[in-house]
Amino acid sequence: MINIVLFGKPGAGKGTQAEFLKEKYNLTHLSTGDIFRFNLKNDTDLGKKARVFMDNGELVPCEVTTAMLIDEVKKHPDTAGFLFDGYPRTIDQAEALDKFLPTIGSSVTATIALEADDEILVARLLERGKTSGRADDQDEEKIRVRYQEYNEKTAPLIGYYKEQNKFHAVDGIGTIEQITERLTSVIDNL
């Protein structure tokens, strides 16, 4: 089983690349955003718990997010592996994932970060915001707040996975095909 954690700042191309990677390697793509939307829309017990925090303008605690992810992983016992997109976002979540995966006889194979200059990513998101309908992609100030949150909470994962020799950085600038080629080169050499 191959398990890839794909991360990068908003606008780095994770969602676009995840589509190619899941097909090429027959992976189950687990997007935290999709998992949250499913739980909220279907008013699951975990969705109800998350909504309480969200309605109060608070971040959903790691335990609730992790429980949602674990529920989703358990729905795919025969998968060739997982492509984690948007999880883990913090060291606590990475530790929770490292604790859970061995219970299903697995582990994180590698983490791959799509790296790009903030100014290029801001321009990408503002362009995407013209057609996506996402309010958080249409306001440069909100985009920069998301980057600050990434730098404070997610960037420390680089050190966490480097210590495990599981971290790989990939240049996220170029054509979709060029970036896909860079990613597959890393995965093919794991």
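Across all their heavy atoms, Met68 and Ala50 have their closest contact at CE-CB, 3.6 Å. Shortest non-hydrogen contact noted between Asp139 and Leu126 is N-CD2, 4.2 Å. Closest approach of Ser132 and Gly129 over heavy atoms only: OG-CA, 3.6 Å. The shortest heavy-atom contact between Ser106 and Asn3 is OG-ND2, 2.5 Å. For the pair Ile179 and Gly172, the tightest heavy-atom approach, listed with the atom from each and the gap, is CD1-O, 3.1 Å. Across all their heavy atoms, Tyr25 and Ala80 have their closest contact at O-CB, 4.4 Å.
Under the 4.5 Å side-chain heavy-atom criterion for Ile, Leu, Val, Met, Phe, Trp and Tyr, Phe20 and Val186 are members of distinct hydrophobic clusters. The hydrophobic clustering, which links ILVMFWY residues whose side-chain heavy atoms are closer than 4.5 Å, places Val170 and Ile187 together. Phe100 and Phe7 fall within the same hydrophobic cluster, where Ile, Leu, Val, Met, Phe, Trp and Tyr residues are linked whenever their side-chain heavy atoms come under 4.5 Å apart, directly or through other members. Taken together through direct or relayed side-chain contacts under 4.5 Å among Ile, Leu, Val, Met, Phe, Trp and Tyr, Val5 and Ile35 form part of one hydrophobic cluster. Linking ILVMFWY side-chain heavy atoms closer than 4.5 Å, directly or via other members, places Ile112 and Phe167 in two distinct hydrophobic clusters.
Within the model, atoms CG of Leu21 and CG of Leu6 stand 6.5 Å from one another, a figure rounded to the nearest 0.5 Å. Taken from CZ in Arg128 to OG1 in Thr16, the straight-line distance is 8.0 Å, to the nearest 0.5 Å. Atom CG of Leu125 and atom NZ of Lys130 lie 12.5 Å apart (nearest 0.5 Å). Summarising the geometry, atom CD belonging to Gln17 is positioned 10.5 Å from atom CG belonging to Leu83; distances are rounded to the nearest 0.5 Å. The CD atom of Glu72 sits 11.0 Å away from atom CG of Leu46, with the distance rounded to the nearest 0.5 Å.
The environment of Glu141 atom CD is sparse: at most 12 non-hydrogen atoms of other residues, nucleotides or ligands sit within 6.0 angstrom. The number of heavy atoms from other shown groups lying within 6.0 Å of NZ (Lys75) is above 12. Within a 6.0 Å sphere centred on CD of Gln178, heavy atoms belonging to other residues, nucleotides or ligands number more than 12.
Judged by distance alone, the side chain of Thr154 and the main-chain N or O of Arg89 form a donor-acceptor pair under 3.5 Å. Of the possible donor and acceptor atoms, none in the side chain of Asp43 sits under 3.5 Å from a partner among the backbone N and O of Asn39. Listed for the Lys49 side chain is no donor-acceptor partner under 3.5 Å among the backbone atoms of Val64. Counting only distance, with no hydrogens or angles, the side chain of Thr180 and the backbone of Ile176 share a donor-acceptor pair below 3.5 Å. Between the Thr32 side chain and the Gly86 main chain, a donor and an acceptor come within less than 3.5 Å of each other. Between the side chain of Tyr87 and the main chain of Gln93, a donor-acceptor pair closer than 3.5 Å is present. Of the possible polar contacts, none joining the Lys24 side chain to the Thr184 backbone as a donor-acceptor pair under 3.5 Å is found.
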query = Given Leu40 and Arg51, is the side chain to side chain contact (heavy atoms under 4.5 Å, CB included) satisfied, shown in steps?
reply = CA-CA 7 Å; Leu40 293 168; Arg51 189 177 307 282; 3.5 Å; yes

query = Are Phe36 and Val60 close enough, and set up right, to give a side chain to side chain contact (heavy atoms under 4.5 Å, CB included), and what steps lead you there?
reply = CA-CA 10 Å; Phe36 259 85; Val60 177; 3.6 Å; yes

Leu30 and Val73: CA distance, side-chain angles, deciding distance, side chain to side chain contact (heavy atoms under 4.5 Å, CB included) verdict = CA-CA 8 Å; Leu30 297 181; Val73 166; 3.5 Å; yes

inquiry  = Before you tell me yes or no, could you show the steps for Phe84 and Leu69 under side chain to side chain contact (heavy atoms under 4.5 Å, CB included), namely the whole-Å CA-CA distance, both residues' side-chain angles and the distance that decides it to 0.1 Å?
reply    = CA-CA 9 Å; Phe84 297 99; Leu69 181 92; 4.0 Å; yes

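Evaluation of the salt bridge (Lys or Arg N to Asp or Glu O under 4.0 Å) test over residues 111-122, restricted to residues two or more places apart or in two chains, returns Lys9-Asp118, Glu119-Arg144.
Of the options Arg146, Lys142, Arg124, a side chain to side chain donor-acceptor pair (under 3.5 Å) to Asp137 is made by Arg146 and by none of the others. Of the listed residues (Asp171, Leu183, Ile173, Leu121), just one forms a side chain to side chain contact (heavy atoms under 4.5 Å, CB included) with Leu114, and that residue is Leu183.
Side-chain atoms of Arg37 and Lys41, non-hydrogen and from C-beta on, never get closer than 4.5 Å to each other. Looking at heavy atoms from C-beta onward, Leu27 lies out of side-chain contact with Thr79 at the 4.5 angstrom threshold. With a 4.5 Å cut-off on side-chain heavy atoms, Leu97 and Val108 count as touching. The shortest side-chain heavy-atom distance between Pro88 and Tyr161 falls under the 4.5 Å cut-off. Between Leu190 and His168 the shortest side-chain heavy-atom distance falls below 4.5 Å.
Ring-plane geometry between His76 and Phe82 is classed as perpendicular, the angle between the planes exceeding 60 degrees on a 0 to 90 degree scale with a lower cut at 30.
We find that Lys74 and Asp71 are not joined by a salt bridge, their nearest charged nitrogen and carboxylate oxygen being 4.0 Å or further apart.
For His29, the side chain to side chain donor-acceptor pair (under 3.5 Å) test picks out Asp85, with sequence neighbours left out.
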